[in-house]
Protein chains: 2
Amino acid sequence: MTGSRNGVLELAVLGSLHENPLHGYELRKRLNTLLGMFRAFSYGSLYPCLKGLLTDGLIVEEEPPDDVVLGRRSKIVYKLTAEGKERLQELLTQAGPSSWEDESFGIHFAFFRHTEAEVRLRILEGRRSRLEERMENVRTALARTRERLDSYTLELQRHGLESVEREVRWLNELINTERAQAADKSQSERDERPGSDE
Amino acid sequence: MTGSRNGVLELAVLGSLHENPLHGYELRKRLNTLLGMFRAFSYGSLYPCLKGLLTDGLIVEEEPPDDVVLGRRSKIVYKLTAEGKERLQELLTQAGPSSWEDESFGIHFAFFRHTEAEVRLRILEGRRSRLEERMENVRTALARTRERLDSYTLELQRHGLESVEREVRWLNELINTERAQAADKSQSERDERPGSDE
DNA sequence: GGTCGATGTATCGAGCTGATACATCTGCAG
DNA sequence: CTGCAGATGTATCAGCTCGATACATCGACC
């Protein structure tokens with residue numbers, strides 16, 4: 001039970017390797033493209049994570065095509081094991097603070113196509129609550145502040161608040177879409193005509 | 001020369017203490033209100049920073065009102081020294097990568113009222129370049145990607161890109177305002193009527 | 001008088017970042 | 001064909017930060 005890895009990183013790696021086997025360098029590029037606007041992973045965290053996943057048997061080094069046996073070992077391609085896939089499913093099922101914080105929400109969202117509808121909804125709502133809570137904190141703290149702020153500080157506050165409000169609106173749209181899809185699905189299930197109109 | 005502190009944190013602390021003396025707890029609250037939407041500082045970084053600033057003589061513990069001498073030492077109020085003010089001015093003059101990265105831009109912006117107009121402009125432009133560079137990287141990386149992405153990943157990309165574009169537009173407005181003010185100023189200087197219409 | 005939450009200082013282990021080192025492969029200019 | 005610059009690729013380390021935790025005091029309220 002070496003298993004006390006980062007969680008976000010673990011999901012990112014297992015999720016990426018689920019699509020297709022990769023080596024470290026390419027894995028990093030993939031992730032940093034996927035999340036380019038939000039965050040960037042560094043080798044100092046990726047390689048230790050890969051090492052841990054190896055010793056836990058969640059991934060293995062993919063064998064070269066067998067005829068090239070000589071020492072030339074430049075790329076190390078990793079792929080998921082059965083346990084790895086199981087662990088990935090487990091991670092994709094969890095909806096908790098670790099799925100809607102700033103650093104981790106993007107990753108969870110990026111793998112939503114492998115996530116159950118109900119879990120998706122809970123993560124989106126959790127994220128929204130998190131942002132609303134943050135706005136509330138800042139607002140009350142601001143209200144308690146006696147001295148009035150200079151124009152630059154005010155502008156920073158305004159811009160920050162507006163950005164968060166925009167993300168909340170974005171989340172609202174996504175949540176509505178998810179709800180509508182869930183309603184469609186349960187409706188067509190009630191009609192017992194599965195797959196009739198889509 | 002103990003001086004290899006974090007920089008962002010140093011600016012945040014010195015800048016806050018410049019407004020008025022504070023103790024650690026209040027300092028943290030101030031900063032986390034000021035930057036509530038962007039980041040949060042923890043004690044684990046604040047206290048070591050304060051300790052370093054103390055040993056470097058940039059801040060000192062403020063003396064209690066002198067008649068209460070008995071051991072009751074619950075609050076430790078810090079204030080800037082002359083060297084501290086000097087150091088703060090030095091930090092406020094610097095415009096470089098450390099002023100426009102994600103973690104530090106907010107701090108620098110929050111203290112813009114103490115920053116010279118020219119430095120403000122360079123920081124805003126540096127921040128804009130940084131964001132445009134990031135967009136460019138993601139866009140070319142996306143273009144090189146062969147396989148088409150699923151709808152969730154696409155939506156994440158779209159939302160991230162839109163957020164960054166919005167921040168660029170915001171920066172553009174700020175830069176225009178700054179330029180206009182600079183032009184006004186040099187105009188009124190050319191007229192040799194300092195302070196006539198303000 | 002008791003006790004609960006806010007205020008307040010302080011530290012520690014776990015884990016990440018940014019830098020660095022070093023090897024290989026590929027394209028291409030001379 | 002040779003050399004060499006830049007992309008590809010693996011790996012580690014010092015320094016720093018986060019989140020948790022510990023502990024003490026204070027004011028308010030019943």
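To find a chain, count down the sequence lines: A is the first, B the second, and so on, and within it residues start at 1. When reading the values below, keep in mind they use all heavy atoms of this one structure, side chains included, and skip hydrogens, waters and symmetry mates.
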Along DNA chain C (nearest heavy atom to each residue), the more 5'-positioned of B:G44 and B:H23:
B:H23
OP1 or OP2 of D:dC26 under 4.0 Å from side-chain N/O of B:K75:
no
Looking at the side chain of B:Y25, which of D:dT10, C:dG8, C:dT17 is the nearest nucleotide?
C:dG8
Out of D:dC18, C:dT9, C:dC16, whichever nucleotide has its closest atom nearest the side chain of A:N6:
C:dC16
d(CD, A:E101; P, D:dC18) in whole Å:
14 Å
Shortest non-hydrogen contact from B:T140 toward B:N137
OG1-O, 3.1 Å
Can you tell me how far P of C:dG18 sits from CG of A:N32, to the nearest Å?
11 Å
Take the angle between the ring planes of A:H159 and B:F38 and call it parallel below 30°, perpendicular above 60°, tilted in between.
parallel
B:R30 has an atom CZ; how far is it from atom C1' of C:dT7, in whole Å?
16 Å
Is there a side-chain polar atom (N or O) of B:Y47 under 4.0 Å from OP1 or OP2 of C:dA10?
no
Specify the separation, in whole Å, of atom CG of A:L46 and atom P of C:dA19.
17 Å
Can you label the angle between the B:F109 ring and the B:W170 ring as parallel, tilted or perpendicular, going by 30° and 60°?
tilted
C:dT11, OP1 or OP2 - any side-chain N/O from B:K51 closer than 4.0 Å?
yes
Heavy-atom nearest nucleotide on DNA chain C taken for B:Y78 and for A:P48; more 5' hit belongs to B:Y78
Tell me: CZ of B:R28 to P of C:dT9, nearest whole Å?
12 Å
Protein-nucleotide distance (A:K29, atom NZ; D:dT8, atom C1'), rounded to Å:
8 Å
Taking the side chain of A:S45 as its heavy atoms from C-beta onward, which of D:dC16, D:dG19, C:dC16 lies nearest to it?
C:dC16
Rounded interatomic separation in angstrom, taking CZ from B:R39 and C1' from C:dC16:
14 Å
Quick one: A:L53 CG to C:dG15 P, roughly how many Å, whole number?
13 Å
Tell me what B:Y43 touches on the nucleic acid: a base, only sugar-phosphate, or nothing, going by heavy atoms under 4.0 Å.
base
Looking at B:E26 and B:K29, is any side-chain nitrogen of the basic one under 4.0 Å from a carboxylate oxygen of the acidic one?
no
Counting N and O atoms only, with roles assigned by atom type, does the side chain of B:S16 sit under 3.5 Å from a partner on the main chain of B:L27, one being a donor and the other an acceptor?
no
Contact class for A:G24 vs. all strands (heavy atom < 4.0 Å): base, sugar-phosphate, or nothing?
sugar-phosphate
